[in-house]
Each structure stands twice: as structure tokens, then as C-alpha cells.
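Structure first, commentary second.
Indexing begins at 1, ligand by ligand and atom by atom, following the structure's order. Note: hydrogens, waters and symmetry copies are ignored here, and every other heavy atom, side chains too, is used. In this text the structure is predicted, and so the values were computed from the model without any measurement.
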Amino acid sequence: MYAKVKLLLIFFFTIFMLPGYGQTLLQNPEQFLGYKPGTRFTRHSDLVRYLEYLSRQAPSRLKLQTYGTTYEGRPLYLAAISAEERINRLEEIRQNNLKRIGLQNGQPTANQPAIIWLSYNVHGNEAVSSEAVLQVLYDLLNPANERTQGWLKNTVVLIDPCVNPDGRERYVQWYNGVANAVPNANPWAREHQEPWPGGRFNHYLFDLNRDLAWQTQQESQQRIALYNQWMPQLHADFHEMSGEATYYFSPAAKPFHEDITPWQREFQQIIGENNRKYFDQNNWLYFTRETYDLFYPSYGDTWPTFNGAIAMTYEQGGSGRAGLAFARADGDTLTLGERIAHHYTASLATIETVAQRKDKVLQEFDKYYQRNRTNPPGPYKTYVLKTRNQEAKIKALTTYLDRQQIKYGFVSGSSAQRAFNYTTGKHESVKIETNDLAISLYQPKATLIKVLFEPFAKLEDSLTYDVTAWAIPYAFGLQAYALPGKINQTQAQPIALNQTITKPAIPQPYAYLARWNSLSDIQLLSALLRHNIKIRYSEKAFQTDDETYAPGTLIITRAGNEALGASFDNIIKSEAEKAGIQITPTPTGFVSTGVDFGSGSVRYLRKPKVAVMAGQGISPPAFGEVWHFFEQQIKYPVTVLDAEYFNRVPLSNFDVLVLPGGSYADILTDKTLSQVRDWVNAGGKLISLESATGFLAGKHGFALTRKKDTDSAEVRKNPYALLKTYGESERQTISDAVQGSVYRVSLDNTHPLAFGYGDTYFALVQDVINFSFMKDGWNVGVLKKDIYTSGFVGVRARKKLQDTLVLGHQTMGRGQVVYMADNPLFRAFWHNSKLLFGNAVFMVGN
Ligand SMILES: [Zn+2]
């Protein structure tokens, strides 16, 4: 303890008493903020004040830019720091970098620095990061600091001082409100017990460090847009882990994704060496090559890696648990000051490592992009996606590709090609047609495309930290092929959405028809319901004007909407345009086959009042995904109920109650659950997701049950199955695991829960599902034999998944229960399952 305090004093002495301190007008963080760093948590507004102060004091060495705002309205900043002569030509340096790698046309000028991007506090309650950055900023700008000034001759350092201000403020505000005057290191003190939902997440409780590849959140979208304008050679992401842990720096743990280049692997070692040097000098504990792998492509280290950068995560022991002082199990006290010292040291070591190898770093970066453009990785060189009748999904896809700066085009001419068919999972002859969307791998972002589209990501080791399958065609629910060669395609044009209305204008249509097959259709439905437009949908397929319409098609008749007068047509047209989908006017309610629009099989769609459970016990992201779906994705009103007072809520106020994944034993006690059952019997609709579904299984009145435990049968057959080696315990666990794998689910698409789908759909399954087929209910989605498609699934888990229920529906009295064994809104990136959730909310039980 004393040794550490002494070291810390030396550390602060070094920072503040460097020669030249006092000769400059620049105030260090302590002088500016009025307190010693490490003695309290800095509010985001004060961090912003210091940034703005630095940019006023050192305009020739720092350029500050706001690049966006958070959902709660806080500003997001990027500070560019370099030597004076470089800051003057910052825009030229940025464009040069894009020209070198082919993301911008033109010849780069010579004399390019290396570009380093450091990101702090993506997890809001890993709050040391934005404290450490204050020191980093000051040291980089202090003209008397010869080391940093030397490095800046070779580099431009881009600093995002706080990636997730909403989460950070949630933590800091809470901590400051409960902390003792003298920090209490006892882990049981209130200041170490962060309340639900914690500061890790952003406003909608998304983990921004799982969102880089998918960019579903406002913060990520703005950040990646700016990242793509810079394309740094190095990205470092500063985190914290458990308060009992020490410090982690690269080299990363296995598995490494196979497309990580030898140079990117080598640099993991180089950067580790330089950090090791400083950590050893200070006798600080650390570890490498464990826990933090480089596989799932949506992290702050992997996504930049697949964009050609050298990228790494730094993890300090601490997090929301640690406060200002934390008594560890080993008897030592971990202070915020120590945590700052470690992240500060790693930050400077990172800049130093790149500055010393500037030429090599740039050469390798160029080589990476040269290879991408001329000799892209992997067996497939073109990805083709069918566009016919998929306008809305294609539009969602092209928006996504544009955000990633992935170029695409449209096929001209038909041909038969040998290709991998994502739907059948086989290599076979497929038909490519005019207007199919094609993505050639011969382009700067080739590696990223390959990683995002690969049908099978090769896993060198099965112990990984996250999901193992993510192929874009499955995620977007599009029919797609992977081709080994190049094909003819025209230049990228936005998909021809023709016009919103497909048929020649009918002056006063009898009705408008909207097909039901994507998230955009739910967006349209939601908008029309907000306008109080009465909508029906067909339970059966029908034909009119030589077109066939599948079950679920929305029928918006003039009848019932007379009160709107002429604005009826305008509202429908403008909302369809906003949602980007086609609607068809029809002059009659008479159909050539199927049922007429006045039939009882054409159901009136009620406008449901929706509530969702949040609070202690509920998984914050699982709740956040539902909240984000209603508020941001379909803009439909939702009432959030907290578990704390749920038993006092008169449920008759609501038509639909959504239970996100979580632990319900303390929320739905026998008494409360019986209130919920009464409400369902009286006409309510309960939608349960993942572990909430597991909670309901076997409970009185609920038709869902679990399958018998196959393990005990196995043990009866082979009693030695129970003997495991301690050293192999991790491996035993993984044979029971499903790590975000893609499964083909068989659907009963005559049921409203599966409207808009074919007879199968590709689901991202994250956990072992073990529900039996229901006797008293509809088994709408089931896993049968041989339905595994992509990703890692342990041997025993795969067996358990066979013949299980994934989607079920039960009528209970006058109400409904919809069981979803998995999470259809997971991280908001699996677009293909969002319609299932929309069906559960709007279609089932009308
Ligand atoms: Zn983190």
C-alpha cells in the first residue's frame, strides 16, 4: 500500500513538475478543475470545459470538433492534436490518408504522419478512462514535454475523450450522490453497489462496444461516420474490468479471426512489449493473451482491425464497483489515482510505439488496402442479394452498406453461376438476374465485407467472449449467394424504389394494400395507427389485379376512415414514402381468389396500449432493446413499468405486456403472477422473451413446458460422464454452450405470429432452448433435426436443441400468451426477426 502511494506521488510529481511547468500558460487539470485528479469523478460538463479551454489556449496544436450528440443531448467531441505545422494542414492530411487507401480519388501529397485514434469511456461506468484522458491531453499539449512533442512530429493523435457521456453521467451523478466524505473502501458500502441499470450502457441501455459493426445507436452512427473520414492506422479503446483484476493489454487472447494479418498480429506483440516495459518499471501487475479475444467483429478492437488498423483494448481493474477506493480481496486498496496512472501510461506508451515506427505502420496500412483492392481475402469474390419484392429490406441493407463505405452495384443481364446459396447452405447452380444487388470484393473495404458476409467464420478456438455467427444475409433475411468470381455489374445506384404507389392513379381507391414482410411495414403500420387510421389485415392469401398477396397484407379501406376526408389518401401516401415501402391502390373490395375485404377473415387491427417491464432483475440490454424498438425503430408509444412497483399497477390500463429477459422470481411472485394471469384471461396479451419464457414454463395455467433433462439419461447410460478434470472445466462448459449461432427455424406461416415469412427463417440462437412442443397451443416456430447453419454450438448443446419449440402461442381465456424462446431484438441488428416481434405485438390474437 505505502509502496503504491509512493509510486503514485512520483507519478504525479513527474506530470506536474516537469521542466517547463509554470513557464507555460497552459493549466493542468488540477489547476483548471480545482481538485487533484483521482480525488473525485469529473462531471462530463467539466471535461467539456477543459477541452474547450485547451482548444482556446492551444489552437495551433489542437483542433476540437463536435461530431454529434447523445440520445440525452450531450455533445460528442473529437480532439485532433499534433505539431503546429501539421495542425495547419490537418484537412490535407485527412484527405491524403483516404487517397492512399482508395477511399477518395486523387493523388496524395508526400510527408504523411501516422494517425492514432484513442477512445475513452465507451462503457460509462468504467469511469477512470475519461479521468486519465485529462492527463493525456495536458501532456500532449505541454510544449515543455519533449517526449510528447517529439512523437507529435510523426503523428496526429485523435482523442475521443468520452464515447458514452450518457452512461458516464448516470454513473458519476449517482456516485457523487452516495459517496462518503472520506471514500469508504469496504466493497459493501453503498458507493460500491451501483443501482440498476448501471452506467455501462447508453440511454437505451445498448452496449456501445458491441455496436461498432451494426451501428444501430445514434452515438455509434455519428462516431463511425467520422471514423470513416479519418481511417486511422491505430485505434485503442480504454475500458475497465472487475475491481479484483489487475491490468490487461495486448497481445489479445485467442481466438483471432483468420483475416487478422500477420502484421496486425505482430503489432499486438510490439505494443505489448512497450507497455510491459513501463508496467515492469513501476512493478504494476498485468496480464496478456487471456480473456479478450479478436473474433466478434463489432468491438472497438475488432471492427477497426477489419478496417486495416492495428487495434487493441486496454482493461484496468475497477469499473462501477471500484469508486474512489476499493478494498480488494488480497488486502490491497485500489484507488482511482492508481487506475488513472495505468491508463495514462498505456495511452502514452501507445502513441510512443506508433511514433517510433511511423514509416512501417504507414507502409503496412497501404499494403493492407492494396491487397484488399487487388487480391481480396477468402474464397468468394462477389456477394449477390436478390432484390425482387424486397425493396424495403434492400433499402435497409444499402443504408447499412453506405455507413460502412462499402460499394455495391446492380447486376445487368441474367446468368447461371456456381455459388454458395445461403438459403440451402449448399454450393449449387444459381440464377443471377438483372437488378440483383452485387458487392464485389475488389474494393478498399474487402476484408470488412468478407467478415460481415462470410457464411462460416472459422473459429480456431471455441472459447470466445461473444456471438460466433453474424452473416449479413441471414441478419437481413435476404436470399443471397456467394460467388467465387467477378460478375458484370453497373455502378452503384440507389435501389430503384420506383414510386411509392405502383399502379396508375385511381382517383378514389376503395382501399390501399401494403405487403407485410419487413420492419418498414411495421413502421408504416405504427405511423398509420398514430393517425388513428383504421386498418385491417387478411388472415388468408388473396388475389386481386393479377397479384397475389400473402397473409398479413394490410388492407386500408376508405370505409371506416371517412372522417379523415381527403386527407386519408395524403396521409397514407406520405407515410408510405417515409417508411420507404410500396403500397397499391385498388378500386374494389372484391378479390379474384381468397376472401373479400368485408369478410370475417379480414381482421380489424386494434391499436394496442403496450407496456414493458424494466428494473431490478431485468437484463438492462434486453429491456433496452424493446424500448429502442418501440421508440426509435417504429416510433410507437410504450409505457415502461418498473419491477419495483409492478404489483401495484392496474394492468387493465394495457393491452400488451412485454417481459424482456431477466430473473423474474422476485418480480412475479405467486400473487403477482396470478394477477397477470387474471389480466390475460380477461383479454390481455403477454409476450415473453428468452429467460422470461423460461420462467413461465411449467407455471400454473401456462401451456409451455421444458423437455426432460437429457443429461441424467446420459449419466444413466454412462456413469463416468460425471467425471471431469478441473483443468478442463472451461472446455466442459463450452460443450453445453451455444455462442450466438444461426439456426434454421421451421415456421407455420399460416399463423399470424409468422406472417410475412416463408416456411423457414434464420434465427440467431444464443442459448440452449429446451421447450417441448405444446399440446394446448400453436407451435409456430420449431427447431427440428439438421437445422444448424453457422456459428459455434457445443456438442451437447446441439443435441439438446433438436426438436424444441422456439415460438409458441397459447390462448388463455379471452387473452393470449406469446412465447419467444430467444430474443428477436438482440442488439437490434438481427433485422430478420423484428417482424416476428411486430407480429406478436400487432397481429396475434386480433
Ligand atoms: Zn468496457
Side-chain angles (χ1 to χ4, degrees), residues 41 44 47 70 76 117-133 136 159-172 174-175 192 194 196-217 219-220 223-224 227 235-250 252-253 275 286-288 290-305 311-323 326 334 336 338-340 342-344 346-347 350 464-467 619-621 624 827:
F41 285 106
H44 186 253
L47 168 68
T70 66
L76 295 162
W117 184 306
L118 308 178
S119 293
Y120 295 86
N121 232 152
V122 60
H123 290 142
N125 63 355
E126 297 171 6
V128 66
S129 304
S130 294
E131 304 295 334
V133 82
V136 175
I159 293 183
D160 186 336
C162 189
V163 176
N164 177 13
D166 291 353
R168 180 184 166 84
E169 274 304 284
R170 193 180 311 131
Y171 174 73
V172 169
W174 165 77
Y175 184 86
H192 302 296
E194 200 186 358
W196 196 93
R200 177 180 176 89
F201 312 105
N202 75 344
H203 175 73
Y204 283 106
L205 308 181
F206 274 63
D207 185 333
L208 294 178
N209 192 36
R210 303 292 184 276
D211 193 43
L212 274 90
W214 321 129
Q215 299 157 31
T216 68
Q217 300 300 292
E219 290 87 352
S220 318
R223 178 180 177 212
I224 299 303
Y227 186 101
H235 181 254
D237 210 20
F238 291 85
H239 288 261
E240 283 192 273
M241 53 190 162
S242 145
E244 297 293 345
T246 58
Y247 196 91
Y248 162 83
F249 49 77
S250 47
N275 277 298
Y286 57 85
F287 67 92
T288 62
E290 285 181 87
T291 311
Y292 302 99
D293 64 78
L294 293 174
F295 191 70
Y296 174 72
S298 205
Y299 294 132
D301 49 15
T302 46
W303 187 84
T305 297
M312 67 271 312
T313 292
Y314 287 106
E315 297 273 353
Q316 164 63 43
S319 278
R321 188 87 200 277
F326 180 74
L334 174 70
L336 181 61
E338 289 170 300
R339 288 151 64 198
I340 293 175
H342 302 158
H343 263 354
Y344 159 84
S347 300
T350 306
T464 176
Y465 196 63
D466 215 294
V467 303
S619 148
R827 291 181 189 166

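- Looking at His239, its N, O or S atom nearest to the Zn ion (ligand 1) turns out to be ND1.
- A donor-acceptor contact closer than 3.5 angstrom is absent between the side chains of His44 and Glu169.
- You'll find the side chain of Asn275 stays beyond 4.5 Å of the side chain of Tyr247, heavy atoms only.
- Taking backbone and side chain together, Glu126 holds an N, O or S atom under 2.8 Å from the Zn ion (ligand 1).
- Taking the six-membered ring for Trp and the full ring otherwise, the centers of Tyr171 and Phe41 sit less than 6.0 Å from each other.
- His123 contributes atom ND1 as its closest N/O/S atom to the Zn ion (ligand 1).
- If you look at Phe326 and His192, their ring centroids are closer than 6.0 Å.
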